[in-house]
Amino acid sequence: MSGTSTLLAPSILSADFTDLRTSVALAEKAGADWMHCDVMDGVFVPNITFGPFIIQAVTACTRMIIDTHLMITDPDRFIADFIKAGSHQITVHQEACPHLHRTVQYIKSLGAKAGVSINPATPISTLESILPDLDLVLLMSVNPGFGGQKFIPSSVEKIAKLHAMRNGMNPGMVIAVDGGITEENAEAVVGAGADALIAGTAFFKAQDPVATAAKLRGLCR
Ligand code: DX5
Ligand code: ZN
């Protein structure tokens with residue numbers, strides 16, 4: 001993925017759910033590449049969000065890539081439903097999938113791109129065997145469960161490690177970073193090797209989301 005401009009994925013978690021269509025349109029207007037949708041089950045993470053029904057509603061509002069982040073245990077049960085609802089990319093957690101290779105192949109067999117996410121305490125080395133099969137890795141830079149948390153600084157070193165591993169094993173794979181992304185840390189995150197930035201609070205709670213998006217994408221610093 002190296003050499004292309006930074007991809008931006010606003011996280012719907014911080015959007016105004018009383019006016020979802022307007023929130024999605026704002027992301028589109030800001031030139032966002034993906035709409036990041038955070039699915040939480042109250043078991044894998046200490047919060048509950050939404051299921052395929054909301055993904056279907058977001059899909060109906062946009063032509064952006066629907067990037068679904070499943071923070072749920074045993075995601076295989078629901079992967080087909082999320083793809084049917086419009087998800088182009090499905091990311092599961094390494095920590096939630098005992099048979100990760102099977103899960104990744106299952107996502108691909110249903111025609112979606114396959115991603116794997118790791119929590120801040122999970123080492124990059126746990127991805128070594130699955131890396132050649134992945135379309136993306138979603139590196140968590142906060143403990144998943146909530147928007148608006150502070151970026152964990154040691155994530156930058158993990159991004160650099162993953163970047164080196166990716167270049168050797170699967171150069172076409174996308175590195176996305178999720179959690180606590182701001183205008184202040186975006187340059188360091190991209191400098192370490194991230195291709196895609198997930199931004200909830202920084203985008204939707206910004207005074208001027210369109211201008212913030214341009215800064216996050218590196219179009220103006
Ligand atoms: C956290 C979610 C994130 C979250 C990011 O569990 O996976 O996608 O929405 O929100 P911010 O950008 O506010 O940290
Ligand atoms: Zn997420």
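In listed order, ligands and their atoms are each counted from 1.
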So, Thr103 and Asp76: side-chain donor and acceptor under 3.5 Å apart, yes or no?
yes
Under a 3.5 Å cutoff, is there a donor and acceptor pairing between the side chains of Thr122 and Glu95?
yes
Between CD on residue Gln56 and CG on residue Asp81, distance to nearest 0.5 Å
10.0 Å
Answer yes if Ile12 and Ile72 sit in the same cluster of Ile, Leu, Val, Met, Phe, Trp and Tyr residues linked by side chain heavy atoms under 4.5 Å apart, and no otherwise.
yes
For ligand 1, output the ligand-protein N/O contacts shorter than 3.5 angstrom; if there are none, return none.
from, atom 1, to, atom 2, distance (Å)
ligand 1, 6 (O), Gly145, N, 2.7
ligand 1, 7 (O), Asp38, OD1, 3.0
ligand 1, 7 (O), His69, ND1, 3.3
ligand 1, 7 (O), Asp178, OD2, 2.9
ligand 1, 8 (O), His36, NE2, 3.3
ligand 1, 8 (O), Asp38, OD1, 3.1
ligand 1, 8 (O), Asp38, OD2, 2.7
ligand 1, 8 (O), Asp178, OD1, 2.7
ligand 1, 8 (O), Asp178, OD2, 3.0
ligand 1, 9 (O), Ser11, OG, 2.8
ligand 1, 9 (O), Asp38, OD2, 2.9
ligand 1, 12 (O), Gly200, N, 2.8
ligand 1, 13 (O), Gly148, N, 2.8
ligand 1, 13 (O), Thr201, N, 3.0
ligand 1, 13 (O), Thr201, OG1, 2.5
ligand 1, 14 (O), Gly180, N, 2.8

Just to verify, what does Val210 make a side-chain contact (heavy atoms from CB on, under 4.5 Å) with, not counting sequence neighbours?
Leu26, Lys29, Ala30, Asp208
Tell me, with the steps shown, if Val156 and Phe151 meet side-chain contact (heavy atoms from CB on, under 4.5 Å).
CA-CA 10 Å; Val156 174; Phe151 181 85; 3.9 Å; yes
Partners meeting salt bridge (charged side-chain N to carboxylate O under 4.0 Å, His left out) with Arg63 (sequence neighbours left out)
none
Neighbouring protein N, O or S atoms of the Zn ion (ligand 2) [cut-off: under 2.8 Å, no waters]
His36 NE2, Asp38 OD1, His69 ND1, Asp178 OD2
Should the pair Asp41-Arg77 be classified as a salt bridge under the 4.0 Å nitrogen-to-oxygen rule?
no
Measure the acute angle between the ring planes of His69 and His93, then classify it against the limits of 30° and 60° as parallel, tilted or perpendicular.
parallel
